[in-house]
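Taking it in order: structure first as structure tokens, then the write-up.
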Amino acid sequence: MLHIGIDDTDSAKQGMCTTYIAVLAREKLEKLGIVREIRLVRLNPNIKYKTRGNASVAIAIETDKVREVKEAVINIVQDNAVFSDPNTNPGLVFFEGEPEVLRDFYFRALRDIVTIEEAETIAEAEGAEYVKYKLGRGIIGALAAIGADLEEHTFEAIAYRARGNWGKPRNLDEKSVFEMDALTFPLTFNNIDHSEGKVLITPHTPCPVLFGIRGFSDKVVRNAAEMIKVDEKVEKVQIFKTNQGTDAHLQKVESIAEVRPYSSIVVEGTVIKKPWIISGGHVFFEIEDRTGILRCAAFEPTKKFRDIILRLIEGDRVVAHGGVSKKTVLTVNLEKLYVKKLVKEREVNPTCLVCRKKMESSGRGQGYRCRKCGTKAQEKVMEPFERHIEEKLYSVPPIAMRHLSKPLVKFL
Ligand code: ATP
């Protein structure tokens with residue numbers, strides 16, 4: 001089996017899409033062998049080099065025409081990559097060995113930051129051939145896509161536009177998206193953000209993608225794509241096997257002291273600072289454990305998720321899930337929050353058993369006294385109070401979800 005990895009061919013402003021280049025390659029390669037798999041692999045969402053969603057692609061082909069296959073792929077990348085964008089640094093990898101040997105590298109590219117030199121060293125050690133254009137940063141993603149662990153996976157059906165329409169507004173019958181969603185959810189996911197009333201299947205960049213539908217079965221996403229009504233030509237539809245919607249990027253860390261910038265983590269702590277909101281609508285709070293303090297953020301695009309966050313109080317036990325950035329302090333950009341244990345009682349002055357009225361303090365260390373009948377009590381008492389938040393897993397809404405984030409429906 002020959003594995004081909006491709007990355008960093010597109011440009012945010014000028015368009016193109018590495019997945020489209022993979023489809024062009026697949027079409028060509030079908031004449032040179034049997035294409036076994038075409039995968040779309042998302043890598044570390046916290047890195048600065050990404051154009052959009054840090055995607056890379058890999059194709060697996062059974063072939064005895066290895067030289068022709070390599071030539072064909074190289075020509076397709078050379079003819080289609082956006083070399084004029086200073087941030088586009090294409091990379092290609094060809095590998096005939098067992099992809100498992102690249103698995104550790106995949107996990108590092110998914111959860112950490114790696115250098116081009118590291119990718120070269122691994123490629124050379126494992127006998128993978130690579131081709132770099134300009135800086136050739138794309139070999140990182142290309143190598144990682146080949147090594148990706150897709151034991152847990154989802155699928156995406158991507159529909160592409162005819163070249164003449166690239167850059168033009170996309171006209172999609174939104175009603176057909178709602179109908180498709182009603183028929184296929186939860187086997188498809190993140191088609192619509194119902195709380196915002198927004199269709200999510202179309203990108204907003206000048207790229208060749210018309211729409212993409214994500215789901216848990218290749219057949220379902222293919223059928224779902226056919227349900228979408230558009231008033232332009234769909235040039236082709238490709239089904240990718242992906243690590244999207246799997247939470248593969250998240251790593252559980254045992255303590256706050258272990259949280260590193262640019263990683264994506266799951267960490268438990270106790271709320272020590274009540275959430276606060278800043279201009280722009282971003283909400284923050286802080287958690288602690290015995291090793292340190294960590295700031296958590298629900299940014300404005302997370303919309304109604306912030307209403308939940310604002311209901312946390314000091315003492316609540318939570319498990320934060322998200323990507324870590326370092327601005328002034330280490331901050332977790334929340335993707336999910338598991339509310340593990342809520343504070344449900346608070347200390348209040350005792351109630352007079354005779355008058356049913358709250359007692360008043362008789363002064364420091366003097367206990368409490370009923371103003372009406374004079375009944376006395378020594379101690380404050382615990383009283384339950386209502387919380388408008390539950391002990392369960394919360395997620396940001398689909399509109400703010402990262403490609404890698406597992407949708408809540410997968411936890412039910
Ligand atoms: P699109 O979603 O349109 O494909 P993108 O967001 O995937 O765009 P790329 O153009 O692929 O962005 O650029 C990402 C670059 O970052 C690639 O060169 C890739 O090899 C590199 N890269 C990916 N993961 C890491 C990582 N963990 N550390 C360092 N570089 C990485």
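Treat the numbers as computed from the prediction; the structure is a model and nothing was measured. Atoms within each ligand, like the ligands themselves, are counted from 1 in listed order.
- No cation-pi contact links K344 to F385, judged by a cut-off of 6.0 Å to the six-membered ring centre and 45° from its axis.
- Counting the atoms of ligand 1 from 1 in the order shown, those under 4.0 Å from a heavy atom of D7 are 11 (O), 17 (C), 19 (C), 20 (O).
- Near N44, meaning under 4.0 Å from one of its heavy atoms, ligand 1 places the atoms 27 (N).
- Contact annotation for D8 and ligand 1: heavy atoms of both the backbone and the side chain come within less than 4.0 Å of the ligand.
- Each of the following atoms of ligand 1 lies closer than 4.0 Å to a heavy atom of A55: 2 (O), 4 (O), 5 (P), 7 (O), 11 (O).
- Between the side chains of S11 and D85, at least one donor-acceptor pair of N or O atoms lies under 3.5 Å.
- Comment: E268 engages K340 in a salt bridge, judged by a side-chain N to carboxylate O separation of less than 4.0 angstrom.
- Under a 4.0 Å heavy-atom criterion, C17 is not in contact with ligand 1.
- The closest side-chain donor-acceptor pair between T9 and Y133, if any, does not fall under 3.5 angstrom.
- Proximity of I47 to ligand 1, defined as any heavy-atom pair under 4.0 Å, is confined to the side chain (atoms from C-beta onward).
- Listed by chain and number, the residues in a side-chain hydrogen bond (donor to acceptor under 3.5 Å, both in side chains) with Q14 are S84 (sequence neighbours excluded).
- A salt bridge links E383 with K358: the distance from a Lys NZ or Arg NE/NH1/NH2 to an Asp or Glu carboxylate oxygen falls below 4.0 Å.
- Note: an N/O pair closer than 3.5 Å links V114 and ligand 1 by distance alone.
- Within the 4.0 Å heavy-atom cutoff, N89 does not count among the residues contacting ligand 1.
- The distance criterion of under 3.5 Å between nitrogen or oxygen atoms is met by A109 with respect to ligand 1.
- The pair E232-R170 does not count as a salt bridge, with every side-chain nitrogen at least 4.0 angstrom from each carboxylate oxygen.
- Neither the backbone nor the side chain of T9 has a heavy atom within less than 4.0 Å of ligand 1.
- In terms of heavy atoms, F105 sits closest to V114 at CZ-CG2, 4.1 Å.
- Taking only nitrogen or oxygen atoms, main chain and side chain alike, R108 does not reach within less than 3.5 Å of ligand 1.
- Side chains of T184 and M227 form a contact here, defined as non-hydrogen atoms less than 4.5 Å apart.
- For S56, the closest heavy-atom approach to ligand 1 does not fall below 4.0 Å.
- When each atom of ligand 1 is checked for a heavy atom of R52 under 4.0 Å away, the hits are 1 (P), 2 (O), 3 (O), 5 (P), 6 (O), 8 (O).
- In the vicinity of G141, heavy-atom distances shorter than 4.0 Å reach the ligand 1 atoms 19 (C), 20 (O).
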